[in-house]
J.: 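What follows is a structure written as structure tokens; I'll ask about it next.
Because the structure is predicted, anything quoted here is derived from the model rather than measured.
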Amino acid sequence: MAQPDSVIIDSLDENDEKNNISPEQLVHFVDLVNTPKPGLNPFIRKIPLISQSSTYLIYFKRVIIYLFFTLLFNITLPISNPLEFIISFVLFPLFAVLVYFFEAGIKLIRFLQSLSPSENNQKVIDLWSSFTDKDIKEILRAGIASLDDPDTHSDDSKHPTFNLNRAELFLYTSALMGQRDLALVEEAQKDIIELKKNPEKARSEDIKKITDKLLESEKAIREEAKEIGLEFISITECNVINGPYGGLYWSEKQNFIIVSFKGTDPLNMAEWLTNFSLQRMDAKPFLFGEVHSGYYSSLFPDNSYSSHKSVKKYPALRLVEAIRDKANEIYKRTAQPVKVWVTGYSLGGALATLFYARLLQSPTSLGDNVDIRDGITFASPLLGDNDFAAGFQSLMNKEINIKKNFWRIVNDNDIVPRYPPGSHVPNLGHFLSKINLFNYINVGDEVRFYQDGSKPSSERHLYGPDINYLFIKQTLHLVDLGSFFGFYDQFDGSINGRNSIKSIFTVNYNVNSKIDYVTPGFIRNHNSYRYFECLEKARKYWEEPKKNDEK
């Protein structure tokens, strides 16, 4: 018996061209057809505080189940590895309880924010204008121009391998995606649910109404993007409504596609709980190693034994289909391979990393007309174990990828890129068992920016030939265990306090809105506009080498 979703899709006919349903719109429609409906009744979801509390209870339930099975399959853990036992069964449950109070704080901040709704409707460009004396549109247009320019990747080059304008453009694309009208997306999903009740009666006109509603939901994004010469369309909901989602930006005049993922809303408790989850799952069906289960299941089927039909539905494949269609369209105009870039902010940064890894693993999936370029993420949490990190770096080291960069940008004391704890200890992976709760390792090249305007720090060549390299120690000492809990950071180069545990919770940086006054620094610095502020404060370090070259 045919499934309702397949019947709806099969109802599309030759009239679709007359209805002006683009291939990208159709991909998004199919994705929404396969997006699970919300678990809570719509009426219950409208009751204040109820939906957030139920989300926390689901999270706490998963913590208990995880601990139960951990002990069931390793009953000797208290004796064989007492430190890991204490971390898993004492510190982790304690953390889960503290999350409850964190949720209460989020609710309070949301309430205070509701008292000043005018701040929530501001355009991204207007908000960011207060952080620089430069023309933001000119910065963003310079970033767009860089996407077609040849890059230099040699450490002997006098020109930076890290393009600041491009980074700010990519941050902007992720931040702009927060302007989508979620209510219209939810309405579109309700319309699809109604169609599924009588799929045989679905008509192309019905589908056109739904795709029009999805286009209308992103009207604010498209209008603001068009001001700097970009087009946009959303592609996948990443298996959940009211969370991160993926979309494409492109130019009608140039030769590139930006795959961008919306980031975490700092005041969305459900997204925070996804970040707070530590459970991993086997990623080998589509990637390698073990990956954070919440991030992995946002892009890929979470069951390797899923039916062939369900495997064909996963969001990463929707993105590949959309990129392929759009790249073929651009190729007809330019007759040049289309450059594909990947970016994302916060939770979206984690998804961007997984999607980029998938592209590196199967580059032919995009077709012959595509050239996969760099990836840049912002505020990305840790997402994979040491096997995933090794597999990712192995792909980056291939001869075909030697000129690709994958940058992971961190803002000062933002707590999310520090999570889970333990990831900042050099070579800690050598001492962790594969099943350890905190076996999460960074991937890509980290660049840390600072709110006090200090020189950004990184292992990589950033500005010019005179850069002092940061060499990471190859051995682990007892004093290094302080970074396990965030007492200091090996990448710190700031003037104010060496990124100690004190600076994680500091609130002495400048605030930029009323809501900032009641938001702790380690959460406030997770906002996308705080990342832009950090990047702009560091602009002088990119301009000085150029001035010296001119002299």
Side-chain angles (χ1 to χ4, degrees), residues 3-6 8-10 12 21-36 177 185 189 192 207 211 214 233-241 243-250 257-262 281-288 291-330 338 340-344 347-348 350-372 375 383-384 388 391-392 395:
Q3 296 294 320
D5 52 356
S6 63
I8 292 173
I9 296 166
D10 291 341
L12 291 168
I21 300 177
S22 71
E24 294 78 27
Q25 286 178 272
L26 182 57
V27 170
H28 191 189
F29 171 80
V30 173
D31 179 84
L32 195 59
V33 167
N34 293 301
T35 299
M177 293 170 74
V185 180
Q189 188 183 46
I192 287 176
I207 295 173
T211 56
L214 292 172
I233 190 167
S234 52
I235 298 297
T236 175
E237 301 301 320
C238 296
N239 280 332
V240 64
I241 300 294
Y245 68 95
L248 305 183
Y249 290 88
W250 70 95
I257 295 173
I258 304 172
V259 185
S260 186
F261 293 87
K262 172 189 170 291
M281 64 186 302
D282 184 6
K284 286 190 285 293
F286 292 91
L287 294 170
F288 28 79
V291 169
H292 185 290
S293 59
Y295 308 149
Y296 182 85
S297 59
S298 293
L299 288 178
F300 305 101
D302 59 4
N303 184 350
S304 59
Y305 299 101
S306 298
S307 67
H308 178 67
K309 179 179 181 299
S310 65
V311 166
K312 291 172 63 178
K313 298 177 181 177
Y314 61 94
L317 182 58
R318 299 297 181 216
L319 282 168
V320 168
E321 292 172 348
I323 294 169
R324 196 162 50 219
D325 289 339
K326 182 55 66 177
N328 289 336
E329 177 186 316
I330 295 174
V338 180
V340 172
W341 309 78
V342 180
T343 189
L347 199 160
L351 301 187
T353 304
L354 293 181
F355 186 66
Y356 192 79
R358 179 62 181 170
L359 294 184
L360 293 178
Q361 190 179 44
S362 56
T364 58
S365 63
L366 295 180
D368 299 330
N369 302 330
V370 167
D371 176 18
I372 301 170
L383 54 96
F388 173 80
F392 185 91
L395 290 175

J.: Between atom CD1 of I257 and atom CD of E329, what is the distance when rounded to the nearest 0.5 Å?
T.: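 Spacing of CD1 (I257) from CD (E329) equals 9.0 Å.
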J.: Calculate, to the nearest 0.5 Å, the distance between atoms CD1 and CG belonging to I235 and L32 respectively.
T.: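 Nearest 0.5 Å value for the CD1-CG distance: 12.5 Å.
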J.: Return the CD1 to CG distance between I233 and L214, rounded to the nearest 0.5 Å.
T.: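 Answer rounded to 0.5 Å: 8.5 Å.
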J.: Do V259 and L248 have side chains that approach each other closer than 4.5 Å (heavy atoms only, starting at C-beta)?
T.: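 Yes, side chains in contact.
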J.: Side chains of S297 and N239, heavy atoms from C-beta outward: is any pair under 4.5 Å?
T.: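 When only atoms from C-beta onward are counted, N239 and S297 do not touch, as no gap falls below 4.5 Å.
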J.: Answer yes or no: is there a side-chain heavy-atom contact under 4.5 Å between V33 and F29?
T.: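 Heavy-atom side-chain distance check passes, below 4.5 Å.
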J.: Does any non-hydrogen side-chain atom of Q25 lie less than 4.5 Å from one of H28?
T.: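 Answer no - side chains too far apart.
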J.: Taking only residues two or more places apart in sequence, or in another chain, which ones meet D282 in a salt bridge (Lys or Arg N to Asp or Glu O under 4.0 Å)?
T.: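 D282: salt bridge (Lys or Arg N to Asp or Glu O under 4.0 Å) contacts with K284.
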J.: Can you tell me how far CG of N369 sits from NZ of K326, rounded to the nearest 0.5 angstrom?
T.: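 Going from the NZ atom of K326 to the CG atom of N369 covers 14.0 Å.
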J.: Would you check if the side chain of E24 reaches a backbone N or O of S234 as a donor-acceptor pair within less than 3.5 Å?
T.: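 Here the side-chain-to-backbone pair does not exist.
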J.: S298 and P315: which non-hydrogen atoms are nearest, and at how many Å?
T.: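 So the two residues come closest at O-CG, 3.3 Å.
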J.: Looking only at non-hydrogen atoms, find the nearest pair between L347 and P244 and report the distance.
T.: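 Scanning both residues completely, I find the closest heavy atoms to be CD2-CG, 3.3 Å.
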J.: Between R324 and E321, does at least one N-O distance fall below 4.0 Å, as a salt bridge requires?
T.: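 Salt bridge: no.
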J.: Output the distance between atom CG (L299) and atom CZ (F261), rounded to the nearest 0.5 Å.
T.: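 Separation between the atoms: 5.5 Å.
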J.: What is the minimum heavy-atom distance between G246 and L319, and which atoms define it?
T.: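 Closest approach of G246 to L319: C-CD2, 4.4 Å.
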J.: Using side-chain heavy atoms (C-beta onward) and a distance below 4.5 Å, is D31 in contact with Y245?
T.: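 Side-chain contact under 4.5 Å: no.
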J.: Applying side chain to side chain contact (heavy atoms under 4.5 Å, CB included), can you list everything that pairs with R358, at least two apart in sequence or on another chain?
T.: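 Per chain and number, R358 pairs via side chain to side chain contact (heavy atoms under 4.5 Å, CB included) with F286, L287, F300, Y314, Q361, S362.
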J.: Do you know the tightest heavy-atom contact between Y249 and S260?
T.: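 Scanning both residues, the minimum pair turns out to be CE1-CB, 3.9 Å.
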J.: Would you give the length of the straight line joining atom CZ of F388 to atom OH of Y296, rounded to the nearest 0.5 angstrom?
T.: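 Atom-to-atom, F388:CZ and Y296:OH are 10.5 Å apart.
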J.: Is there a side-chain contact between I372 and V342 in this structure, where contact means two heavy atoms from C-beta onward sitting under 4.5 Å apart?
T.: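 The answer is no; the side chains never approach within 4.5 Å.
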J.: For V291 versus A283, what's the shortest heavy-atom pair and its separation?
T.: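 Of all heavy-atom pairs spanning V291 and A283, the closest is CG2-CB, 3.6 Å.
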